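Everything below concerns the one structure shown next.
Quick caveat, the model's predicted, so the values are computed rather than measured. As the structure lists them, so they are numbered: ligands from 1, and atoms in each ligand from 1.
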Amino acid sequence: MKQYYILVVLLCFLSCSKNEQNEKKAVSENEEKYEHIINKLLSKMTLEEKIGQTNLRGTSSRAKTLSEELKQQVRAGKVGALLNVMKIEFVDELQKIAVEESPNKIPLIFARDVIHGFKTMFPIPLGIAASWDEDIARTSSRIAAIESSSVGIRWTFAPMLDIARDSRWGRIAESPGEDPYLASVLGKAYVEGFQGDSLNDPTSIAACAKHYIGYGAAIGGRDYNTTIISKPLMHNVYLPPFESALNAEVATVMTAFNEINGVPATGNKFLLKDVLRGKLKFDGFVVSDWESTIEMIAHGYAKNEKHVAELAANAGLDMEMTSKAYENNLKALIEEGKVSEDQLNEFVKNILRIKLRLGLFEMPYRDTKNEATFYKKSHLEKAKNAAVKSTVMLKNTGVLPLAKTSKVALIGPMVDAPLDQMGTWTFDGEKEHTLTPLDAFKTANINYNFIPGLTHSRATSKKEFKKAVAIATASDVIVCVVGEEAILSGEAHSRASIDLPGAQEDLIKELAKTDKPIVLVIMAGRPITITNIIDDVDSVLMTWHPGTMGGEALQEILFGLSEPQGRLPVSWPKTAGQLPYYYNHKNTGRPANKDDFVAIYDIPVGAWQSSLGNDSHYLDAGYTPHFPFGYGLGYTNFRYDKVEVSKDTITFNEDIIIKATITNTGIRAGKEVVQLYVQDVVGSITRPVRELKGFQHINFEPGETKEVRFKLSSKSLEFTNHKSVKAAEEGDFNIWVGPHSASGLKHSFYLKN
Ligand code: BGC
């Protein structure tokens, strides 16, 4: 019997690897075929038609008619891709012109920002990052692809993979958070979801890793701002998520708006040619961001539009979004010998390669079988699951979960804000389909009274406070849903203060006077500083902007039908004055610690002026965040008992096994996100105090003890040094296994040459 079993397993293994080999062979045969088609097409194309392929024309999704000028351009082969054509009839008509009337019958690609859902909106990307769950990232992007491809979209400008260390930056909402490891895990999953098993499946859409690169390092969190990024920082922090997306075969990459060390990303030859093409072997195409080409003039890097085209083309930018520097100037530049035709040919090859991989030459039109997929029950169910898994509980004195019989005062401007709940980058999701907390309370037959208290998050009129207090007084518990409207985060929506806007803090203070327990629910695009109100409330749930199903997810969490399962993907500051703040910072020569900490009011009046005794902290905000990266509570508690390593010393190319024993000490089943952090104690350049190297979602029954194992390879200890060499270095390493970045059981090992 045993032998038979082994034989079956062996046969299965052989046939699986045979299947894999066959698949690989088919892919490489296809690729060979594609290169042949590309070269044949190129040999027939005029210079104008080649330039046409590099042209991503922007349109307005609200356009009621198709302009004759646009049709004519498509007919002449002068457009490669189109952005924001949202009427199905227009998509079909333009594609028909391209494949039937244009000189070489090259299909168009239709693009749209499908960022965290198309119709069914999932939590904002920072929320999805809070799930720490690659399945959520993959599922959300798969559903977004299924829904959007049904209207002809085959290219999205996502995932955004900018590491964001500053919550003032509006686009943190769209980011995977502050950690390169977590962002890499999510980046890969997003690409897999959008692009499906194969790009040429009609429900697959080409993904776009953006914004290459460093956009999140904008000084002061002001959008579009200057970035200064050393090579080690680039390689160790900003690049890894992009590398991960490239490993997942992301089809396209978008350049960023920012300059890096003086050179705008869109004209950055080193980053586009040496790194992206040379080192990372990218063979898809690179598109500029919206007018980021001509913005090189404002940056003070290009003299005029023609100079822009020269710089961008020689840097290796394949396609230009919306502006017309290439369209107006490439021909002359080639004729003058300032840009080579070979360079243009490369661009066209890269673009056609993706069009071929998308299957557009065989099937240029949308798949009509794939209609009516919007808001499918299964999509909504998955969006709810994502919202549950993204919700981070920051405080709970025990008031949550609520008893089903509780009488609830439901108060706050975000209780019934169907548009805002969907978050930034909601172009296609319709508020009529949103389930707000109010809707969910109604459906679930909760005993509640509702008053918004404030009309919207920025409102300052306290007219309704009295009524809110009256409702609160007559209830058992207050659920106060506050936050930011969607428009307060996202592109070009940075904030200097990240407190609750308007009179929301005042509302909470008024409610606190009733002495009723308060569950504070925050819906926002970024961490919100709550230092002024945290002591007034009993529980805090951060739901981010949770999307279409956010209300139902919240209702389930409040009443204990689901557990809040999120963990912070960014450090949560006490005050915006601490920003940028990130857990994986360097130690400094005078690392902050509690023994040396001197608070502002502890300094004697007239004190002798000395720096001694103080270290790297703020007198008024200390040196820790309000809540650390990785933090999040559930409805049960865990104890970390011990951590062990398989060896005290490992050599290069060896793995180390780390084992931790963890117990659910509560009476409810629950999930823990067990996190592994590593510190390389001494390096040829200084190393962060900790870096996330692994995490696992582990379910526990009440009282259950489990051993959780991590395998850490010496490869994962590699980093890029100041000479741009990537290697691990001999020496001591500390490790922590714990529930977040500021705690954990510690051990150490030695890496030996
Ligand atoms: C944003 C990109 C976006 C593009 C197209 C730009 O303003 O920076 O992220 O994909 O617009 O809408």
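- Ring geometry for Phe347 against Tyr326 counts as parallel: the plane angle stays under 30°, on a 0 to 90° scale with 60° as the upper cut.
- Of all atoms in ligand 1, numbered sequentially from 1 with element shown, those under 4.0 Å from a heavy atom of Phe157 are 5 (C), 10 (O).
- Looking at Asn84, Asp113, Leu83, it is Asp113 that brings a heavy atom closest to atom 12 (O) of ligand 1.
- Closest protein heavy atom to atom 11 (O) of ligand 1: Asp289 OD1, 3.5 Å.
- Looking at Val339, Ile51, Leu333, Asp318 one by one, the single match for side-chain contact (heavy atoms from CB on, under 4.5 Å) with Leu344 turns out to be Ile51.
- Taking a 4.0 Å cut-off on heavy atoms, Arg171 registers as neighbouring ligand 1.
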Next on the checklist: Could you walk me through whether Glu48 and Lys78 satisfy the salt bridge (Lys or Arg N to Asp or Glu O under 4.0 Å) test, starting with their C-alpha distance in whole Å, then the side-chain angles of each, then the deciding distance to 0.1 Å, before giving a yes or no?
Outcome noted: CA-CA 7 Å; Glu48 283 85 353; Lys78 290 189 174 166; over 6 Å; no
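- Between Tyr215 and His211, the ring-plane angle classifies as perpendicular under the 30° and 60° cut-offs.
- Protein heavy atom nearest atom 7 (O) of ligand 1, with residue, atom name and distance: Glu491 OE1, 2.7 Å.
- For ligand 1, the atoms closer than 4.0 angstrom to any heavy atom of Lys210 are 2 (C), 3 (C), 9 (O), 10 (O).
- For ligand 1, the atoms lying closer than 4.0 Å to a non-hydrogen atom of His211 are 2 (C), 8 (O), 9 (O).
- There is no side-chain donor-acceptor pair under 3.5 Å between Ser184 and Ser244.
- At a 4.0 Å cut-off, at least one heavy atom of Trp425 sits close enough to ligand 1 to count as contact.
- Of the N and O atoms on the side chains of Glu174 and Thr424, not one donor lies less than 3.5 Å from an acceptor on the other residue.
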